[in-house]
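Working notes, structure below.
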There are 2 protein chains.
Amino acid sequence: MSPPIAEIELDEQARRALIRDVLERIGDKWSVVVICQLGDGTRRFNELSRLSEPITKRMLSATLQGLERDGLVSRTVHATKPPRVDYALTPRGASLLQIVRDLAGWAEENAAGIVEARASFDAK
Amino acid sequence: MSPPIAEIELDEQARRALIRDVLERIGDKWSVVVICQLGDGTRRFNELSRLSEPITKRMLSATLQGLERDGLVSRTVHATKPPRVDYALTPRGASLLQIVRDLAGWAEENAAGIVEARASFDAK
DNA sequence: CAGAATCCGGGTGGATACTG
DNA sequence: CAGTATCCACCCGGATTCTG
């Protein structure tokens, strides 16, 4: 017995809602940049701050917390003086790295064409 | 002669700004869903509307216009009665399809783990 | 060094109603 | 069928200031 149409569609919607929910994390303004930077290895807070310019500390902090909450990034505090905090990709974060790099690569390759397409579209 | 540091960093920032600018289109709420649907072939407006539930017509229209502006989707109007409009991926849109599918696949595979990670993170 | 707290303007996107 | 128009609540993200 197959479930009624309505039920299938509800499941489909719930599934897509979940996917969109997950993708919204990497859809925000800075996650892709930070993930790419961490793809090269462990980094400290101010190091990431410089590498990800012109991000602000507030947004870097928020981005890292979001990524940590989703289990994509690990945060390690060293009780030294001055304090030192290391960020790195978790295995799950690393599993996303290649896709994110592909995305960034695609964006770079197509940037010029897209800028041109926008200009031509806006001309009408 | 290599350019001064400041100049290199400005170029790097400009390059990243461009990439982020391009990625913001697919970072919005509905583009990934719509691109995935169009990945299966040409679709009409109301067809996309149903397939992408619970999107509203307003957001579907806005999403399609954004994708068309960037040259990722083509729009073809048939002067029939009632009117009929076909949407399809352009070659550039198709070049993005595999990455978007990878992204959606990753999101689906990791959704459960991420929900769990969030719950455990929020417990603190 | 590594953040947190506060303020706030602009834009995203939902609901609803209307149109050719 | 394929949209547009209007209104508006929400929240993202920048600037600034403060802290252990």
Side-chain angles (χ1 to χ4, degrees), chain A residues 13 16-17 19-35 37-38 42-70 73-88 118 121 124, chain B residues 13 16-17 19-35 37-38 42-70 73-88 121-122 124:
Chain A
Q13 278 191 35
R16 265 207 306 266
I19 293 182
R20 273 193 300 101
D21 192 36
V22 167
L23 289 184
E24 258 164 45
R25 170 76 56 223
I26 65 178
D28 69 20
K29 193 166 183 180
W30 296 106
S31 287
V32 168
V33 172
V34 170
I35 289 174
Q37 296 298 344
L38 289 178
T42 298
R43 295 279 179 261
R44 299 172 55 183
F45 186 85
N46 272 4
E47 212 172 351
L48 277 175
S49 184
R50 272 178 284 104
L51 290 170
S52 309
E53 270 172 279
I55 197 176
T56 63
K57 298 192 173 204
R58 166 162 144 55
M59 287 318 297
L60 177 58
S61 180
T63 301
L64 287 169
Q65 282 181 31
L67 293 173
E68 188 194 0
R69 187 170 103 102
D70 284 6
V73 159
S74 67
R75 190 183 110 113
T76 312
V77 181
H78 302 271
T80 58
K81 207 173 77 170
R84 164 188 177 158
V85 182
D86 285 341
Y87 292 93
R118 284 178 187 174
F121 183 90
K124 304 165 191 175
Chain B
Q13 279 191 34
R16 264 206 307 263
I19 293 181
R20 272 193 300 100
D21 192 36
V22 167
L23 289 185
E24 258 163 45
R25 169 78 53 222
I26 65 178
D28 70 19
K29 193 166 184 180
W30 295 106
S31 287
V32 168
V33 172
V34 170
I35 290 174
Q37 296 298 346
L38 289 178
T42 298
R43 295 280 179 260
R44 299 172 56 181
F45 186 85
N46 272 3
E47 211 173 353
L48 276 175
S49 185
R50 272 179 281 104
L51 290 170
S52 308
E53 268 172 283
I55 196 175
T56 62
K57 299 193 171 201
R58 165 162 145 55
M59 287 317 298
L60 178 57
S61 179
T63 301
L64 287 169
Q65 283 182 31
L67 293 173
E68 188 193 0
R69 185 171 105 102
D70 283 6
V73 159
S74 67
R75 191 183 109 111
T76 311
V77 181
H78 302 271
T80 58
K81 205 170 83 170
R84 166 188 175 156
V85 182
D86 284 343
Y87 291 93
F121 183 90
D122 292 346
K124 302 163 191 175

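Predicted model, so just to flag it, every value in this text is computed and none were measured. The chains referred to below are lettered A, B, ... by the order of the sequence lines, with proteins before strands, and numbering in each begins at 1.
You'll find that the side chain of A/Tyr87 is closest to C/dG3, out of C/dG13, C/dG3, C/dA2.
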Listed pairs under 3.5 Å, donor-acceptor, residues 28-35 of chain A side chains, sequence neighbours left out:
residue: A/Asp28; atom: OD1; partner: A/Trp30; partner atom: N; Å: 3.3
residue: A/Asp28; atom: OD1; partner: A/Ser31; partner atom: N; Å: 3.0
residue: A/Asp28; atom: OD1; partner: A/Ser31; partner atom: OG; Å: 2.8
residue: A/Asp28; atom: OD2; partner: A/Ser31; partner atom: OG; Å: 3.0
residue: A/Ser31; atom: OG; partner: A/Arg25; partner atom: O; Å: 3.0

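Both B/Arg50 and B/Ala62 lie near DNA chain D, and the one whose nearest nucleotide falls closer to the 5' end is B/Arg50. Closest-nucleotide positions on DNA chain C for A/Arg84 and B/Lys29 were compared, and the one nearer the 5' end corresponds to A/Arg84.
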When you compare the protein's N or O atoms with those of nucleotides 15-20 of chain C, which come within less than 3.5 Å of each other, and at what distance?
residue: C/dA15; atom: N6; partner: B/Arg58; partner atom: NE; Å: 3.2

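The line from CG of A/Leu64 to CG of A/Leu60 is 4.5 Å long, rounded to the nearest 0.5 Å.
To the nearest angstrom, C1' of C/dG13 lies 14 Å from CZ of B/Arg25. Rounded to an integer number of Å, the gap from CE of A/Met59 to C1' of C/dA2 is 17 Å. Taking atom CG on A/Leu60 and atom P on C/dA2, their separation rounds to 10 Å, with Å as the unit. Straight-line distance from the CG atom of A/Leu48 to the C1' atom of C/dA2: 12 Å, rounded to whole Å. Atom CZ in A/Arg43 sits about 17 Å away from atom C1' in C/dA2, given to the nearest Å. To the nearest angstrom, P of C/dA2 lies 11 Å from CG of A/Leu64. With rounding to whole Å, A/Gln65 atom CD is found 8 Å from C/dG3 atom P.
For DNA chain D, the span of nucleotides reached by chain B at under 4.0 Å from its heavy atoms goes, 5' to 3', from D/dC1 to D/dT6.
Remark: A/Arg69 pairs with B/Asp122 by the side chain to side chain donor-acceptor pair (under 3.5 Å) rule, at least two apart or across chains. Remark: B/Asp21 pairs with A/Arg118 by the side chain to side chain donor-acceptor pair (under 3.5 Å) rule, at least two apart or across chains. For A/Ala17, the side chain to side chain contact (heavy atoms under 4.5 Å, CB included) partners are A/Arg20, not counting sequence neighbours.
Remark: the backbone N or O of B/Pro54 is not paired with any side-chain donor or acceptor of A/Arg16 at under 3.5 angstrom. Judged purely by atom type and a 3.5 angstrom limit, A/Gln37 uses its side chain to pair as donor or acceptor with the backbone of A/Leu51.
The two residues B/Phe121 and A/Gln65 make their nearest non-hydrogen contact at CZ-O, 4.3 Å. Across A/Thr42 and A/Ala88, no two heavy atoms sit closer than the pair OG1-CB, 3.6 Å. Of all heavy-atom pairs spanning B/Glu47 and B/Arg44, the tightest one is OE1-N, 2.9 Å.
Residue A/Glu47 is classed as having no contact, given no heavy-atom separation below 4.0 Å to the nucleic acid.
In this model, the phosphate group of C/dG3 is approached by a side-chain N or O of A/Arg75 to a distance below 4.0 Å at OP1 or OP2. Between A/Ser49 and the phosphate of C/dA2, there is no side-chain N or O to OP1/OP2 separation shorter than 4.0 Å.
Applying the salt bridge (charged side-chain N to carboxylate O under 4.0 Å, His left out) rule to pairs touching residues 54-65 of chain A yields nothing, sequence neighbours excluded. Sequence neighbours left out, the pairs with a member in residues 74-86 of chain B that pass salt bridge (charged side-chain N to carboxylate O under 4.0 Å, His left out) are B/Arg84-B/Asp86.
For the helix from C/dC1-D/dG20 to C/dG20-D/dC1, the terminal axes (five pairs an end, C1' atoms, rotation from four pairs onto the next four) enclose an angle of 50°, given to 10 degrees.
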